[in-house]
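Working notes, beginning with the structure itself.
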Amino acid sequence: MNDCNQEAMLSIRGITKAFNTNKVLKGIDLDLQKGEVLGLIGGNGAGKSTLMKIVMGIYQPDDGIICIEGNQVRLNKPSVALAQGVYLVPQEPMLFPNMSVEENITMGFRENIKDLRKRLLSLIKQLEWDIDINRKAESLSIAEQQLVELLRGLMRNSRILILDEPTSSLTFNEVQSLFKIVGELKKKDISIIYITHRLTEVFEIASRVAIMRDGIITLQGPVEDFNREMLVKGLLPDQAEDKQNIRCKTKPIDYSTTDPVLVVDNLCGHGFSEVSLKVFPGEILGLAGVVGAGRTELATSIFGRDVICSGKVMLNGEDITSMSTRKVMDKGLSYVTEDRFLYGIFKTSDVSANITASNLKNMGRIFLNFKEERKITDHFVDAFSMKVTSRKQEMGSLSGGNQQKVVIARALATKPKLLILDEPTRGIDAAARGDVYTIIQALKAQGLAILLISSDMEEIVELSDRAISLFCGKVNKIFSKEEISQDNLIAATFGVIKGEVANA
Amino acid sequence: MHKKHSIPRETTSVIFLILLFVGVGLINASFLTVDNIILSLNSSVIYTVVAIGIAFVIITGEIDVSVGATLGMTAAVCGSMVRDGNVGMGIFWALLLGLFIGLINGFGIAILRIPSIIMTLGTNGIVRGLIYVYTDGKWIENIPLKFKALSQVRLFGSFTWFYFLTLLAVVLMHLFMTKSQVGRYFKAVGDNPNGANLLGIPVSGTKIIAFMLSGLFAAIGGIMYVSRVGFITPIAGIGYEMKVIAACVLGGISLTGGVGSLMGATIGAAIMASISRVLVFLGFPSDYDNTITGILLIVIVVFDAVFQANLAEKMRRQRLAAKIVHTQSVALEEAPDHE
């Protein structure tokens with residue numbers, strides 16, 4: 001099985017990769033033919049980027065081989081991959097912002113600068129692109145930056161171009177012109193791996209498609225052999241059907257007589273637009289979306305950490321639009337961040353200090369009331385069954401799951417009316433995940449309103465009473481309890497709604 | 001597509017230098033004389049030479065606070081050998097020592113990943129201590145007059161030939177940094193290290209070379225110091241690191257890396273040398289010298305940081321805005337829709 005396909009431009013066999021104990025790639029076999037566009041689809045954390053970084057020589061695989069034109073190669077650093085004609089256009093363009101377009105493109109070559117410029121100009125002319133090579137890179141739009149990245153790859157006579165979600169920051173027209181360019185490159189016999197979140201794009205430009213999930217390729221073949229539903233199925237875990245029945249049975253909320261805790265009305269900000277939603281007491285509203293859909297920006301804007309351009313946020317009938325984070329918290333809204341390590345924990349402080357950190361104002365006037373601190377800590381350690389040696393254990397030494405419990409406890413220490421949980425189970429193990437779910441269910445039963453943001457559809461299915469999906473910064477579908485299923489959620493977050501094209 | 005012409009950062013520095021001379025000249029006319037201007041430029045040579053080297057480090061996004069000690073150490077080594085009659089050996093060992101200190105710094109920072117401020121602060125202490133060991137805490141004096149006279153040789157009127165030598169070094173290193181493919185790595189590494197790595201540029205290697213250049217030019221500064229000053233105390237070169245870092249920043253080199261030029265550093269060094277003289281001409285005690293340098297450094301860095309932060313935020317918003325699809329949102333007025 002570990003033999004390369006001699007015909008293929010790029011042939012990957014049995015690639016595995018683990019970071020510590022976390023297996024990201026579990027044996028990848030993939031072929032890329034000359035002059036074909038391979039659409040590579042997968043959810044967040046499927047391993048697409050890791051695989052591409054291995055092909056680019058940024059990471060080393062633990063096992064497996066890579067062949068280019070039938071010859072086995074060892075891609076141990078980017079310069080080797082470049083010499084083999086591989087070029088990765090990263091998701092966020094990696095330009096040198098303070099350099100001109102020309103400097104950006106010719107950086108790293110050993111040729112004479114004048115020859116390079118001549119070659120570059122003729123290449124631009126040949127492609128009929130409109131780009132001024134004297135402009136500074138920082139003044140370019142994202143689309144233009146991507147053109148520069150493509151030119152870099154083409155100037156190196158790359159034979160294998162990897163485009164990592166190239167359209168995620170492009171406008172519709174820019175996407176169309178990118179597709180045209182990809183078509184032209186295809187004619188030049190350049191092989192392209194096209195990574196995307198948007199299924200519709202695959203049908204538009206790919207000749208073959210492969211789906212990655214949990215570090216394996218679940219599906220691959222000519223694009224004609226598939227339709228959208230089949231691709232969505234490939235993105236679903238195998239046992240998806242069984243999981244849907246283990247949802248907790250709770251009393252349905254009487255929406256006609258209850259007032260919502262949080263009302264977001266036509267909110268616009270950086271990264272999202274025209275978002276409206278309501279969260280009721282004792283309810284979990286699931287907010288589904290892939291990374292980059294604007295979920296976190298929405299949450300941080302409501303929480304007063306980011307700017308709101310227009311629209312309204314009402315908490316318990318009070319307007320909290322554009323209030324400072326401190327005030328928003330005082331009004332009764334808490335937010336549990338998605339990035340626990342960067343924003344969530346004080347690593348070298350102890351557990352009790354972490355739990356009471358957001359509530360110091362109520363912990364004594366001049367000196368902290370340590371008796372009160374102990375009381376609160378003991379309450380949460382007990383209620384959440386945290387595994388800590390003592391209240392004084394250092395935060396950094398806790399497991400991810402227990403850290404997350406502490407972070408949730410802190411969010412609750414201010415006694416909020418509404419809790420926003422952003423990816424509450426990211427990076428924690430299955431047992432701790434179950435604990436966190438129990439905590440969330442219990443909070444809900446106590447009448448707390450919860451906005452649950454997640455890219456893990458299983459999580460939304462398991463916990464939510466209602467759900468909405470965010471696609472490219474906008475709400476594209478609302479789900480009632482009965483409509484929530486992994487199928488529907490995945491389709492919507494990937495921009496597919498009942499077979500229609502969402503991105504048009 | 002519009003063309004964007006921005007004012008080179010060096011222009012601002014030149015204007016600052018001119019304003020300084022004109023402004024002080026208005027108060028004390030003898031400051032704005034040809035003689036004084038040439039004197040100021042002549043006195044900027046050591047700052048300029050050391051600034052060339054440290055500019056490479058700052059442009060790669062790092063910092064080197066050990067240049068003052070390196071200058072002192074190499075001056076002591078060179079001075080003691082010159083005193084004993086070995087001019088050639090003195091220069092050779094000084095240069096080698098400078099390169100070696102730079103190599104140690106570069107190794108610690110690029111390979112062992114020690115933050116550059118800490119690494120070079122450490123070497124600064126080590127090297128400064130070694131000067132006392134090497135000299136027994138005594139002054140190195142009796143440098144032969146012939147060697148001291150080197151710094152006084154004049155070319156084209158009142159300019160010293162050291163000044164022309166320095167300018168030549170600036171031009172050569174500037175050409176290396178901007179016109180050669182390898183020289184451009186420094187800016188690339190400072191501008192976007194991940195992007196540079198992705199293009200196959202040896203990021204660690206480039207940083208090590210930057211620190212070696214910094215050490216080398218500090219050593220050249222040390223040799224010039226022996227000739228210009230004529231005696232070496234154990235505290236020789238103390239405070240030079242702040243002067244040359246301020247010179248670079250004044251000359252438009254950004255402490256975040258990737259931006260600036262050696263031309264800018266040269267102008268900045270001229271400003272630093274002039275400021276010491278300004279105090280004299282305005283009748284202030286020269287005790288204020290370091291204080292004013294420090295204030296200038298902080299003011300400029302703060303301005304630059306605010307400017308950079310605004311730019312980064314603008315770009316983030318632009319990126320986020322591009323992600324929103326321009327289609328109708330699902331109307332949520334009727335939600336929850338299954339009442």
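For clarity, every value in this text was computed on a predicted model and none was experimentally measured.
When side chains are defined from C-beta on, Ile58(A) counts as touching Leu198(B), because their heavy atoms get closer than 4.5 Å.
When heavy atoms are compared at a cutoff of 4.5 Å, Val80(A) does not approach chain B at all. Proximity to chain B (any heavy atom under 4.5 Å) is restricted, for Pro90(A), to the side chain, taken from C-beta onward. Heavy atoms closer than 4.5 Å to chain A are found in the side chain of Ile201(B), but not in its backbone. The contact between Met56(A) and chain B is made entirely by side chain atoms (from C-beta outward), counting heavy-atom distances below 4.5 Å. Heavy atoms closer than 4.5 Å to chain B are found in both the backbone and the side chain of Glu103(A).
Nearest heavy-atom pair across Met107(A) and Leu199(B) is O-CD1, 4.0 Å. Nearest heavy-atom pair across Ala188(B) and Met99(A) is N-CE, 3.3 Å. Nearest heavy atoms, Gln181(B) versus Leu116(A): NE2-CD1, 3.3 Å.
The closest donor-acceptor contact from the side chain of Asn192(B) to the backbone of Phe96(A) lies at 3.5 Å or more, if one exists at all.
Annotation: side chain to side chain donor-acceptor pair (under 3.5 Å) contacts of Tyr47(B) (sequence neighbours excluded): none.
Atom CD1 of residue Ile113(A) and atom NZ of residue Lys179(B) lie 6.5 Å apart, to the nearest 0.5 angstrom. To the nearest 0.5 Å, the span separating CG on Asp191(B) from CD on Glu138(A) amounts to 8.5 Å.
When Pro202(B), Gly190(B), Gly200(B) are compared by the number of non-hydrogen pairs under 4.5 Å with chain A, Gly200(B) comes out ahead. Between chain B and the options Pro97(A), Ala81(A), Ser79(A), the largest number of non-hydrogen pairs under 4.5 Å is found for Pro97(A).
Around CZ of Phe100(B), the count of heavy atoms belonging to other residues, nucleotides or ligands within 6.0 Å does not exceed 12.
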